[in-house]
Amino acid sequence: MSAPVTIALTDEERKEFQRLCRSGKTPAGIKERLSIVLLGDEDLSNREITERLPFSDHEIAR
């Protein structure tokens, strides 16, 4: 198993990712990935993200 990855977004990146998540024009797959990244930026572990979102540990780790 690979080592955990630390996610550190800038304020601009965070705002843009949040905007894209709210947009009705952003494809669902992109919204899912952005949601995972945003939660990772909050220092949540993969397990904690899995508890909040309907994805498997494997999907979160990818």
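Using a 4.0 Å cut-off between charged nitrogen and carboxylate oxygen, Glu12 and Lys15 do not count as a salt-bridge pair.
Here the straight-line distance linking atom CG of Leu39 with atom CD of Glu51 works out to 11.5 Å at 0.5 Å rounding. Here the CZ-CG distance, from Arg52 to Leu44, works out to 5.0 Å after rounding to the nearest 0.5 Å.
Evaluation of the salt bridge (Lys or Arg N to Asp or Glu O under 4.0 Å) test over residues 28-49, restricted to residues two or more places apart or in two chains, returns Arg14-Asp41, Arg47-Asp57.
The shortest distance between side-chain heavy atoms of Ser35 and Leu53 falls below 4.5 Å.
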- Trace of the side-chain contact (heavy atoms from CB on, under 4.5 Å) decision for Leu38 with Leu9: CA-CA 8 Å; Leu38 286 166; Leu9 299 175; 4.0 Å; yes

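Nearest heavy-atom pair across Cys21 and Leu34 is SG-CB, 3.5 Å. The two residues Phe55 and Ile60 have their closest heavy-atom pair at CB-CD1, 3.8 Å.
Criterion: ILVMFWY side-chain heavy atoms under 4.5 Å apart, direct or through other members. Under it, Ile7 and Phe17 are part of a common hydrophobic cluster.
Between the Ser23 side chain and the Arg19 main chain, no donor and acceptor come within less than 3.5 Å of each other.
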